[in-house]
Trainee: 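There's a structure below that I have some questions on.
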Amino acid sequence: MLTINLIREKKEFIIERLKVKNFEAGPIVEKILTLDASRREIQVKTDSMQGEMNRISKEIGILMKDGKKEEAEAAKEKTYSLKEEIKSLTDKLMPIDNELKSELIRLPNLPHESVPKGYGADDNLKVKEGGIIPKLSDKALPHWDLIKKYDIIDFELGIKLTGAGFPVYLGKGARLQRALINFFLDEGEKAGYREVMPPILVNEDSGFGTGQLPDKEGQMYHATLDNFYLIPTAEVPVTNIYRDVILNADALPVKNIAYTPCFRREAGSWGAHVRGLNRLHQFDKVEIVQIAHPDHSYKSLEEMVSHVEGLVSKLGLPYRILRLCGGDMSFTSALTYDFEVWSAAQKRWLEVSSVSNFESFQANRLKCRFKDKGDKQTKLAHTLNGSALALPRIVAAILENNQTDNGIKIPPVLIPYTGFDLIS
RNA sequence: GGAGAAAUGGCAGAGCGGUCGAAUGCGGCGGUCUUGAAAACCGUUGAUCUGUUUCCACGGAUCCGGGGGUUCGAAUCCCUCUUUCUCCGCCA
């Protein structure tokens, strides 16, 4: 959510910037400014009336104490009409306030100046490419065949237990999951992240804080009896740790890492390219989250990008880094880098990580603020997050890229974690 | 699940219808003292909205778990929700 101050001060700038995201902000901005103006007008009136009311009430108190009953009664008379006026004004204010809020959350975050214009995936800017694309034999299988061949992931069984998109990992398949999770967490810890193990069900406030609610309501599993939501990413609970929190500037950047299962309904997104591990309802992910000082948040972003790059390159996977164009970015992001790894048997790039700086957009909703030393004023912090990494597509790429006639070779960095070097 | 008690500033904790944004202590910050530190002493110390103002600053409103109500006036009374604690029960 953009701050109302920014909208007041830089209306034209906002409209201009949001064009990069192909978003026509003009009408919403105008509506917001109108609502804000009337809100303030009413607010100022009620404030002064309320002040008058308080003054009279105090007088009454003193009169009562002095035993001047009649004068007190006379003063009371004066309050009745005031009280009614205040009430009618506050009744007017409520709907305006609510409408203002709902308009405010319709505006997407401003894209960073380095964000390329564009409409979709084709317009993303390739920033970097690394690793070597393997040459597989003609007999090479896509991962959905490999998992059957080696009996390491069972989709049919998941359908029996739950439904489509809930795979069951078996034997070395399960162990590979655990190895990847531990590898990612250990690497994160080495990079200065604190490990967090949060709840994987969250309440409505948390869903709102990171922006899943109200707009993406249908994308989350909802435990209606208790009104809890299954998290679509660890970003939700971990970032919400800092909801309504005022940090000291010297505590920044705050760096947390968390492994959680993630749950996504993926309503409406089934179609091509969703076979096997490419898209699931439940999957594992290690997420990194930073709360940063606005002056240094882009340094944090670069640091996160190079951390993720380290992970994919240590796993020996061919990868590329994209800077997303305005049209392909999320609603909340100011700048996003996507990581894709090459899936050799599918012969296509798979997105495995998305690293973003949200600047103060999320923080404004969360009320996540900080205070500079010696400064009286609180300011909004910047929030960032990134996958480091999401497992299924990494597993898909490892299986496909590393297949040999003898079996699937485990990347050397993972062997201490798996305890085996070959799936056969 | 049953019965009872409670929720106040960064923390502890008073206040239980009138001048209370809230005593006091601790902590934090600034200062005096000291070669330096500690101790002692003095001062200072929340958030949000908003008005005047270039800034500094000054003024008003709101906030004592959330929401609602009573009252001229609510931290204080009533209703409701949430959470915590104690005892009993149940389960691990």
Side-chain angles (χ1 to χ4, degrees), chain A residues 1-10 32-105 198-199 201-209 213 223-229 237 240-252 254 291 360 362-381:
Chain A
M1 181 162 80
L2 297 175
T3 62
I4 187 76
N5 281 333
L6 187 75
I7 298 173
R8 267 184 222 146
E9 286 161 18
K10 296 190 172 171
I32 288 173
L33 290 175
T34 311
L35 287 167
D36 178 54
S38 54
R39 196 203 108 242
R40 271 192 297 170
E41 193 194 319
I42 297 175
Q43 185 73 58
V44 169
K45 263 191 219 161
T46 45
D47 278 3
S48 75
M49 282 188 198
Q50 195 61 250
E52 176 68 15
M53 191 79 170
N54 289 344
R55 205 157 31 246
I56 297 174
S57 293
K58 266 181 197 172
E59 268 170 34
I60 294 175
I62 294 165
L63 290 171
M64 294 291 243
K65 218 174 221 173
D66 296 350
K68 296 175 182 166
K69 273 249 168 85
E70 274 167 39
E71 282 174 58
E73 284 304 323
K76 265 195 206 180
E77 293 292 326
K78 282 196 286 186
T79 64
Y80 298 139
S81 63
L82 248 183
K83 203 178 173 183
E84 246 169 70
E85 275 181 78
I86 291 171
K87 180 145 174 28
S88 86
L89 280 177
T90 20
D91 285 349
K92 259 199 234 167
L93 194 61
M94 272 270 254
I96 292 175
D97 233 17
N98 289 337
E99 206 182 338
L100 181 61
K101 268 185 205 139
S102 63
E103 288 301 318
L104 273 173
I105 60 175
L201 276 85
V202 294
N203 58 27
E204 229 175 332
D205 285 347
S206 296
F208 181 81
L213 296 175
T224 51
L225 201 56
D226 296 292
N227 199 23
F228 293 149
Y229 293 86
N240 270 284
I241 294 174
Y242 301 95
R243 169 155 48 87
D244 293 318
V245 166
I246 300 172
L247 294 154
N248 284 325
D250 53 17
L252 302 175
V254 173
I291 313 289
S360 62
Q362 252 184 355
N364 190 33
R365 270 194 176 200
L366 288 163
K367 301 250 177 326
C368 170
R369 293 160 295 175
F370 73 98
K371 241 184 221 185
D372 269 317
K373 206 172 168 74
D375 217 340
K376 260 200 139 160
Q377 221 191 343
T378 59
K379 289 181 242 169
L380 291 172

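Below, each value reflects all heavy atoms present in this structure, side chains not excepted, and no hydrogens, waters or symmetry copies. Below, read A as the first sequence line, B as the second, and so on, with proteins coming before strands; counting in each chain starts at 1.
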Trainee: Please classify the nucleic acid contact of A:Thr79 as base, sugar-phosphate, or nothing, using heavy-atom distances under 4.0 Å.
Mentor: sugar-phosphate
Trainee: If you measure from the P atom in B:A22 to the same atom in B:G18, how many Å do you get, rounded?
Mentor: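 That atom pair is separated by 16 Å.
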Trainee: Please report, rounded to the nearest Å, how far the C1' atom of B:G51 is from the CZ atom of A:Arg8.
Mentor: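 It is 12 Å, rounded to the nearest whole Å.
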Trainee: Is the shortest side-chain heavy-atom distance between A:Leu82 and A:Ile56 below 4.5 Å?
Mentor: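 Heavy-atom side-chain distance check passes, below 4.5 Å.
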Trainee: What distance, rounded to whole Å, do you find between the two C1' atoms, one in B:A7 and one in B:U80?
Mentor: 16 Å
Trainee: Can you check whether A:Asn54 has a side-chain N or O nearer than 4.0 Å to OP1 or OP2 of B:G73?
Mentor: no
Trainee: So what does A:Lys45 touch, heavy atoms closer than 4.0 Å: a base, only the sugar-phosphate, or nothing?
Mentor: nothing
Trainee: Of all the nucleotides listed (B:A61, B:U50, B:U19), which has the minimum atom distance to the side chain of A:Ile62?
Mentor: B:U19
Trainee: Roughly, in whole Å, what's the span from NZ in A:Lys76 to P in B:U70?
Mentor: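 Spelled out: NZ on A:Lys76 to P on B:U70 is 15 Å.
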Trainee: If you find the nucleotide of RNA chain B closest to A:Ile246 and the one closest to A:Gly51, which residue's nucleotide is nearer the 5' end?
Mentor: A:Ile246
Trainee: Any strand is fair game: report the nucleotide pairing with B:A61 by Watson-Crick or G-U wobble, both distances under 3.5 Å, or none.
Mentor: B:U48
Trainee: Between B:U48, B:G46, B:A61, which nucleotide gets closest to the side-chain atoms of A:Thr378?
Mentor: B:U48
Trainee: Please name the nucleotide paired to B:A40 by Watson-Crick or G-U wobble geometry with both distances under 3.5 Å, or report none.
Mentor: B:U32
Trainee: Pairing check on B:A22: which nucleotide meets the Watson-Crick or G-U wobble criteria with it, both distances under 3.5 Å?
Mentor: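 Result: none.
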Trainee: Please determine, for B:A75, whether a Watson-Crick or G-U wobble partner exists with both distances under 3.5 Å, and give it or none.
Mentor: none
Trainee: With a cut-off of less than 4.0 Å, is there a side-chain N or O of A:Arg39 near OP1 or OP2 of B:U50?
Mentor: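 Yes, such a contact exists.
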Trainee: May I ask you to test the A:Gln43-A:Asp47 pair for a side-chain heavy-atom distance under 4.5 Å?
Mentor: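 A:Gln43 reaches A:Asp47 side chain to side chain.
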Trainee: With a 4.0 Å cut-off on heavy atoms, is A:Ile60 in touch with a base, just the backbone sugar-phosphate, or nothing at all?
Mentor: base
Trainee: Just the rounded figure in Å: distance from P of B:C72 to NZ of A:Lys58.
Mentor: 19 Å
Trainee: Starting from P on B:G73, measure out to NZ on A:Lys83 and report it in whole angstrom.
Mentor: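 Rounded to the whole Å, the gap is 4 Å.
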Trainee: In whole angstrom, give me the gap between the C1' atoms of B:U76 and B:A6.
Mentor: 15 Å
Trainee: Salt bridge or not between A:Glu84 and A:Lys87? Use side-chain N to carboxylate O under 4.0 Å.
Mentor: no
Trainee: With rounding to whole Å, what would you report as the distance between B:C81 and B:G1 at their P atoms?
Mentor: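 It comes out at 14 Å once rounded to the nearest Å.
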Trainee: In whole Å, measure the gap between the P atoms of B:G28 and B:A39 for me.
Mentor: 9 Å
Trainee: Looking at B:U19, B:C72, B:U62, which one has an atom nearest to any side-chain atom of A:Gln50?
Mentor: B:U62
Trainee: Taking atom P in both B:G25 and B:C56, what distance in whole Å separates the two?
Mentor: 32 Å
Trainee: Distance check, P atoms only: B:G10 and B:C64, in whole angstrom units.
Mentor: 13 Å
Trainee: Among B:C72, B:C49, B:U62, find the nucleotide with the atom closest to the side chain of A:Met53.
Mentor: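 Given the options B:C72, B:C49, B:U62, the side chain of A:Met53 is closest to B:C72.
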Trainee: Report yes or no: do A:Asp91 and A:Ser88 form a side-chain donor-acceptor pair below 3.5 Å?
Mentor: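 The criterion, which ignores hydrogens and geometry beyond distance, is not satisfied for A:Ser88 and A:Asp91.
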Trainee: NA contact type, A:Thr46, heavy-atom cut-off 4.0 Å: base, sugar-phosphate, or nothing?
Mentor: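 Counting heavy atoms under 4.0 Å across all strands, no contact is made by A:Thr46.
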Trainee: Would you mind pulling out the nucleotide paired to B:U54, Watson-Crick or G-U wobble, both distances under 3.5 Å?
Mentor: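 Pairing partner: none.
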Trainee: Less than 4.0 angstrom between a side-chain N/O of A:Asn248 and OP1 or OP2 of B:G28, yes or no?
Mentor: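 So the side-chain polar atoms of A:Asn248 never come under 4.0 Å of the phosphate oxygens OP1 or OP2 of B:G28.
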Trainee: Kindly say whether A:Ala75 contributes a backbone atom to a donor-acceptor pair with the side chain of A:Thr79 at under 3.5 angstrom?
Mentor: no
Trainee: Any chance NZ of A:Lys379 has more than 12 other-residue heavy atoms, nucleotides or ligands included, within less than 6.0 Å?
Mentor: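 Yes, the 6.0 Å shell around NZ holds more than 12 heavy atoms from other groups.
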Trainee: Nearest to the side chain of A:Ser57, which nucleotide is it out of B:G73, B:A61, B:A47?
Mentor: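 For the A:Ser57 side chain, the nearest candidate turns out to be B:G73.
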Trainee: Expressed in whole Å, how much space separates the P atoms belonging to B:A3 and B:U8?
Mentor: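 Roughly 25 Å separates the two P atoms.
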Trainee: Output the rounded distance in Å from CG (A:Asp97) to C1' (B:C49).
Mentor: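 The distance from CG of A:Asp97 to C1' of B:C49 comes to 10 Å, rounded to the nearest Å.
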Trainee: Heavy atoms only: give me the nearest A:Arg369-A:Thr378 pair and the separation to one decimal.
Mentor: CD-OG1, 3.9 Å
Trainee: Under a 3.5 Å limit for both distances, which nucleotide forms a Watson-Crick or G-U wobble pair with B:C85, could you say?
Mentor: B:G4
Trainee: Does B:A92 have a Watson-Crick or wobble partner in any strand here, with both distances under 3.5 angstrom, and which is it?
Mentor: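 Checking every strand shown, B:A92 finds no partner, since no pair has both distances under 3.5 Å.
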Trainee: How long is the line joining CZ of A:Phe370 and P of B:G10, in whole Å?
Mentor: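 Distance, rounded to whole Å: 19 Å.
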Trainee: A:Arg369 near the nucleic acid: base, sugar-phosphate alone, or nothing, with a heavy-atom cut-off under 4.0 Å?
Mentor: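 Since only primed, P, OP1 and OP2 atoms lie under 4.0 Å of A:Arg369, the category is sugar-phosphate.
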Trainee: For the pair made of CG in A:Asp36 and P in B:G51, what is the distance, rounded to whole Å?
Mentor: 9 Å
Trainee: Starting at atom CD of A:Glu52, determine the distance to atom P of B:G51, rounded to an integer number of angstrom.
Mentor: 20 Å
Trainee: Which residue, A:Lys371 or A:Val44, contacts RNA chain B at a nucleotide closer to its 5' end, judged by nearest heavy atom?
Mentor: A:Lys371
Trainee: Just so I know, are the side chains of A:Arg8 and A:Arg40 near enough to count as touching, which here means a heavy-atom distance under 4.5 Å?
Mentor: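 Yes, their side chains come closer than 4.5 Å.
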